[in-house]
Amino acid sequence: MTAFLSKLFGNKNEQKKNGNFFSKDNFYVIEADYQDGNSMLGSIDFAYKNFIEKAKYPWCLEINIALKIENCTENTLPIESESKIANKLEDELLKEIQKIEIAHYIGHIYNDNFLDCFIYLNNPEEVNKYLQTQVNKEGLLRGFGYKINQDPTWEKVEAYFNM
């Protein structure tokens with residue numbers, strides 16, 4: 001019933017851009033310490049937890065940016081200069097992806113000497129083609145990999161919404 005009413009009257013937590021619904025930004029910092037001494041730190045847009053259009057964006061793009069280990073602390077989190085480099089690459093990739101396809105950016109997590117970024121897409125083909133041109137691009141300050149998997153219920157990011 002809630003989904004029906006939201007479609008009928010709109011959802012105050014969603015906004016329409018170019019005919020497509022996006023969740024209004026509501027980022028929270030999340031963190032955890034693991035038993036092995038490593039840590040996780042991230043920023044997740046909690047507005048997407050109850051996003052009613054999830055099924056229209058069933059493809060999860062996960063970008064994994066490698067951090068220089070010597071620029072990370074003992075708990076695998078980056079020092080400030082390393083996080084700036086990784087965040088800049090993430091921003092550049094996201095900006096281009098958003099030019100190609102409607103992209104719902106959920107957030108990112110620093111974990112185990114990587115910056116993992118989560119984006120949901122409707123149609124991943126053109127994004128995949130773009131990323132193929134970038135992944136081995138000469139002059140990258142940090143290497144990255146990516147995977148695109150079907151995830152119509154957004155299970156990949158569900159645990160982050162429950163932290």
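Note: hydrogens, waters and symmetry copies are ignored here, and every other heavy atom, side chains too, is used. Bear in mind the structure is a predicted one, so any value in this text is a computation, not a measurement. If you read the sequence from its start, that first residue is 1, and numbering goes on from there.
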Chemist: For Ser43, check side chain to side chain donor-acceptor pair (under 3.5 Å) against everything at least two apart and list the hits.
Modeler: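 Ser43: no side chain to side chain donor-acceptor pair (under 3.5 Å) contacts found.
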Chemist: Which atom names give the shortest non-hydrogen contact between Phe27 and Gly107, and what distance separates them?
Modeler: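 Where Phe27 meets Gly107 most closely, the heavy atoms are CE2-CA, 4.3 Å.
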Chemist: Rounded to the nearest 0.5 Å, how far does CG of Asn122 lie from CD of Glu53?
Modeler: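 These two atoms lie 10.5 Å from each other.
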Chemist: Using 30° and 60° as the class boundaries, would you call the ring planes of Phe144 and Tyr146 parallel, tilted or perpendicular?
Modeler: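 Plane angle between 30° and 60°, so tilted.
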Chemist: Do you know which two heavy atoms are closest between Val135 and Gly145, and how far apart they sit?
Modeler: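 Closest pair (atom of Val135, atom of Gly145, distance): CG2-CA, 4.3 Å.
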Chemist: Might you confirm whether atom CD of Glu70 has over 12 heavy atoms from other residues, nucleotides or ligands at distances under 6.0 Å?
Modeler: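 Yes, the 6.0 Å shell around CD holds more than 12 heavy atoms from other groups.
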Chemist: Are Asn111 and Tyr34 packed together at the side-chain level, in the sense that at least one heavy-atom pair is separated by less than 4.5 angstrom?
Modeler: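 In short, these two side chains touch, coming nearer than 4.5 Å.
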Chemist: Counting C-beta onward and ignoring hydrogens, is there a side-chain heavy-atom pair between Tyr57 and Leu121 closer than 4.5 Å?
Modeler: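 Contact flag for Tyr57/Leu121 side chains = no.
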Chemist: I need the Ser39 OG to Glu74 CD distance, nearest 0.5 Å.
Modeler: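 With rounding to 0.5 Å, OG (Ser39) is 11.0 Å from CD (Glu74).
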Chemist: Give a yes or no on whether Gln150 atom CD has more than 12 heavy-atom contacts from other residues, nucleotides or ligands under 6.0 Å away.
Modeler: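 Count over threshold, so yes.
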Chemist: Report the residues that fulfil side chain to side chain donor-acceptor pair (under 3.5 Å) with Tyr160, sequence neighbours left out, ordered by chain and then residue number.
Modeler: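 Side chain to side chain donor-acceptor pair (under 3.5 Å) list for Tyr160, sorted by chain: empty.
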Chemist: Which is it for Lys49 and Asn162 under the side chain to side chain contact (heavy atoms under 4.5 Å, CB included) test, yes or no, and what are the steps along the way?
Modeler: CA-CA 9 Å; Lys49 180 176 182 172; Asn162 296 316; 3.4 Å; yes
Chemist: Using the ring of each side chain (for Trp, its six-membered ring), is Trp154 parallel, tilted or perpendicular to His104, with breaks at 30° and 60°?
Modeler: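 Judged by the thresholds at 30° and 60°, the geometry between Trp154 and His104 is tilted.
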Chemist: Just one of Leu115, Ile97, Leu94 clears the side chain to side chain contact (heavy atoms under 4.5 Å, CB included) bar with Ile63, so which one?
Modeler: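 Single pass found, and it is Ile97.
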Chemist: Run the salt-bridge test on Glu92 and Lys95 with the 4.0 Å N-O cut-off and return the result as yes or no.
Modeler: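 No.
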Chemist: If you measure from CD1 on Ile85 to CG on Leu140, what distance do you get to the nearest 0.5 Å?
Modeler: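 Spacing of CD1 (Ile85) from CG (Leu140) equals 12.0 Å.
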Chemist: Got Val29 and Leu41 here, is their nearest side-chain heavy-atom distance under 4.5 Å?
Modeler: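 They are in contact (side-chain heavy atoms under 4.5 Å apart), so the answer is yes.
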Chemist: Under 3.5 Å, is there a donor-acceptor pair linking the side chains of Asn128 and Glu126?
Modeler: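 Per modelled atom types, Asn128 and Glu126 side chains form no pair under 3.5 Å.
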Chemist: Which heavy atom of Ala55 sits nearest a heavy atom of Pro58, and at what distance?
Modeler: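 Smallest interatomic distance, heavy atoms only, reads O-CD, 3.8 Å.
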Chemist: For residues His108 and Ile44, determine if any side-chain heavy atom of one lies less than 4.5 Å from a side-chain heavy atom of the other.
Modeler: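 They are not in contact (no side-chain heavy atoms under 4.5 Å apart), so the answer is no.
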Chemist: I'd like to know if the side chain of Lys137 reaches the main chain of Gln132, judged simply by a donor and an acceptor atom lying under 3.5 Å from each other, with no hydrogens or angles considered.
Modeler: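 Checked: no pair found.
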Chemist: For the atom pair CG (Leu141) and NZ (Lys88), what is the distance rounded to the nearest 0.5 Å?
Modeler: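 Answer for the CG-NZ pair, Leu141 versus Lys88, is 7.0 Å.
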Chemist: Is it the case that one hydrophobic cluster holds both Phe118 and Tyr130, taking links as side-chain heavy atoms less than 4.5 Å apart, direct or via other members?
Modeler: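 Looking at the clustering, Tyr130 is in a separate group from Phe118.
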Chemist: Kindly indicate whether the side chain of Phe161, heavy atoms from C-beta on, has any atom under 4.5 Å from the side chain of Asn50.
Modeler: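 Phe161 does not reach Asn50 side chain to side chain.
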Chemist: Taking atom types as modelled, is there a side-chain donor on Asp112 or Thr76 under 3.5 Å from an acceptor on the other?
Modeler: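 There is no such pair (donor and acceptor under 3.5 Å, judged by atom type) between the side chains of Asp112 and Thr76.
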Chemist: When you measure from the side chain of Asp151 to the backbone N and O of Lys156, does any donor-acceptor pair fall under 3.5 Å?
Modeler: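 Yes, because the side chain of Asp151 sits within donor-acceptor range (under 3.5 Å) of the backbone of Lys156.
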Chemist: Please tell me whether Tyr105 and Phe46 are part of a single hydrophobic cluster in this structure, the criterion being side-chain heavy atoms less than 4.5 Å apart.
Modeler: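 No: no chain of side-chain contacts under 4.5 Å links Tyr105 to Phe46.
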Chemist: Measure from the side-chain N and O atoms of Asn71 to the backbone N and O of Leu67, and report whether any donor-acceptor pair falls under 3.5 Å.
Modeler: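 No, because the side chain of Asn71 does not come within donor-acceptor range (under 3.5 Å) of the backbone of Leu67.
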Chemist: Do you know which two heavy atoms are closest between Met40 and Met163, and how far apart they sit?
Modeler: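 What the structure gives for the nearest pair is CE-CE, 3.2 Å.
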Chemist: Would you mind telling me which of Asn87, Asn75, Asp116 makes a side-chain hydrogen bond (donor to acceptor under 3.5 Å, both in side chains) with Tyr110?
Modeler: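 By the side-chain hydrogen bond (donor to acceptor under 3.5 Å, both in side chains) criterion, Tyr110 pairs with just one of Asn87, Asn75, Asp116: Asn87.
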Chemist: Using a 4.5 Å cut-off on heavy atoms from C-beta on, say whether the side chain of Ile106 contacts that of Tyr120.
Modeler: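 The answer is yes; the side chains approach within 4.5 Å.
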Chemist: Do Trp59 and Phe51 sit in the same hydrophobic cluster, where Ile, Leu, Val, Met, Phe, Trp and Tyr count as joined when their side-chain heavy atoms come under 4.5 Å apart?
Modeler: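 Per the 4.5 Å side-chain linkage, Trp59 and Phe51 are not co-clustered.
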Chemist: Is Arg142 close to Lys68 at the side-chain level, that is, under 4.5 Å between some pair of heavy atoms?
Modeler: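 Yes, at least one pair of side-chain atoms sits under 4.5 Å.
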Chemist: Hey, quick one: are Phe114 and Leu93 part of the same hydrophobic cluster, counting side-chain heavy atoms closer than 4.5 Å, chains of contacts allowed?
Modeler: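 Different clusters.
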Chemist: Just how far is it from atom CD of Glu82 to atom CD1 of Ile65, taken to the nearest 0.5 Å?
Modeler: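 Here the rounded value is 10.0 Å.
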Chemist: Return the CD to OH distance between Glu158 and Tyr48, rounded to the nearest 0.5 Å.
Modeler: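 The distance works out to 15.0 Å.
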Chemist: Does any non-hydrogen side-chain atom of Val127 lie less than 4.5 Å from one of Ile119?
Modeler: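 Of all side-chain heavy-atom pairs linking Val127 with Ile119, none is under 4.5 Å.
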